[in-house]
Protein chains: 2
Amino acid sequence: MRHVEFPDQTCSIARALEIVGERWTLLVVREAFFGTRRFGDFEAALGIAKNVLSDRLAKLVARGVLGRTSVVGRGNPGDYHLTAKGKDLFPIIIALMQWGDRWGDGEPPVRVVERASGDEIAPMRVTSQEGAALALREVAILPGPGADEAMRRRFGA
Amino acid sequence: MRHVEFPDQTCSIARALEIVGERWTLLVVREAFFGTRRFGDFEAALGIAKNVLSDRLAKLVARGVLGRTSVVGRGNPGDYHLTAKGKDLFPIIIALMQWGDRWGDGEPPVRVVERASGDEIAPMRVTSQEGAALALREVAILPGPGADEAMRRRFGA
DNA sequence: CGGTATCCCATTTGATACTG
DNA sequence: CAGTATCAAATGGGATACCG
């Protein structure tokens, strides 16, 4: 395996996966969304090896997904919490959860509800600016401003 | 590493990641969304080793994310295409792409637009049934019908 | 073209022990 | 409690060669 995760990929998904694509990483992030803040709680909830957890947390902090808060009355470095960048993973976490629920076997282990009403949240959908759901065939892929030559050739001028 | 990817996880995200969480897998799926159908095209677009690509495609087929279509005039097994289960990964792919664009450096390599209008698609959001965007603090996690004892203890009765 | 079979090595993982 | 250090074993990845 090379050191760079996905070499030569000009792709936003590859870029995202270089940050959250490692094994265990998204489960650590999920735990953070569930409110877990302490090393030992991550460890217990995930059943992950300590060194791996340590590595994942450190990387998530280094990459700006998690931050640390010092806690009064505790000498340790402090709790982990989602940064704005981390909280912005919310749609990804929810989309994964919903897909897992729809296509996995068994009932959903957790429900995500609107706090105010108690209603289940809506299924994640790709929509137009006006909010209309878009199927795959209703969208087109075009080269963006950051497209390299290969991309431009591929998706038309 | 154990054989089971994420042992003892009662979690929809873990279930999803057991299918699409392996290295390269989501990039293969992305390619499928971009319209790639043939082994050699995946290979060229991704710069992935043949054996790894072979493995990922086989697993995606085995897990129902991709299907194969026989192509007339070609003796080979046939093209790969997204199944309904695969197409349902659309929100995940788009959410990852948008997050990578927002938080990565550099301009977006590709744009996803509504075919009819040419407008960019909307950012993925977690919403209520009525379509109102929900922030993290506006939702609650509750044990679902498939929750095990630990889950129930954790998220309240 | 579309793979499969082999080989080798870098990485990763998890267990255990240890430390402030 | 919150990690770091060490280590053996498994795995994953890429390269190459081969095949229908």
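Chain A is the first sequence line, chain B the second, and so forth, proteins listed ahead of strands; every chain is numbered from 1. Note that the coordinates shown come from a computational prediction; the quantities given were computed from them, not determined experimentally.
The existence of a salt bridge linking B/Arg154 and A/Glu31 is confirmed by a sub-4.0 Å separation between a basic side-chain nitrogen and an acidic carboxylate oxygen. Ion pairing between a basic and an acidic side chain is recognised when a charged N comes within 4.0 Å of a carboxylate O; A/Lys59 and A/Glu22 show such pairing. A salt bridge links A/Asp101 with B/Arg15: at least one charged nitrogen is closer than 4.0 Å to a carboxylate oxygen. Using a cut-off of 4.0 Å between Lys/Arg side-chain N and Asp/Glu carboxylate O, A/Arg152 and A/Glu149 are scored as salt-bridged. A salt bridge is absent between A/Asp79 and A/Arg68: the closest approach of a Lys/Arg side-chain nitrogen to an acidic carboxylate oxygen does not fall below 4.0 angstrom.
Between A/Ser54 and D/dG3 there is no side-chain N or O to OP1 or OP2 distance below 4.0 Å. For D/dG3, the OP1/OP2 oxygens have a side-chain nitrogen or oxygen of A/Arg68 closer than 4.0 Å. Within the structure, a side-chain polar atom (N or O) of A/Arg23 is placed less than 4.0 Å from OP1 or OP2 of C/dG14.
Cation-pi check for B/Arg23 over A/Phe6 is met; the charged atom lies under 6.0 angstrom from the ring centroid and within 45 degrees of its normal.
Among the protein residues, A/Phe42 comes within range of no part of the nucleic acid, since none of its heavy atoms lies under 4.0 Å from any strand.
Place B/Ile48 and A/Gly40 on DNA chain D by their nearest nucleotides, and A/Gly40 ends up nearer the 5' end.
Using the six-membered ring where Trp is involved, B/Phe42 and B/Tyr80 have ring planes that are perpendicular, over 60° apart on the 30 and 60° scheme.
For A/Phe39 and C/dG20, the CZ to C1' distance is 15 Å, given to the nearest whole Å. D/dT4 atom C1' lies 16 Å from atom CZ of A/Arg56, rounded to whole Å. Look at CZ on B/Arg37: it is 13 Å from P on C/dG2, rounded to the nearest Å. Separating the CG atom of A/Leu66 from the P atom of D/dG3 is a distance of 12 Å, rounded to the nearest angstrom. Computed from coordinates, the A/Leu53 CG to C/dT12 P distance equals 16 Å when rounded to whole Å.
Side-chain proximity of B/Trp24 to C/dG3, D/dC1, D/dG14: nearest is D/dG14. Here the nucleotide nearest the side chain of B/Arg38, chosen from C/dG14, C/dG2, C/dT12, is C/dG2.
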Heteroatom pairs (N/O) under 3.5 angstrom, protein to nucleotides 16-19 of chain C:
none

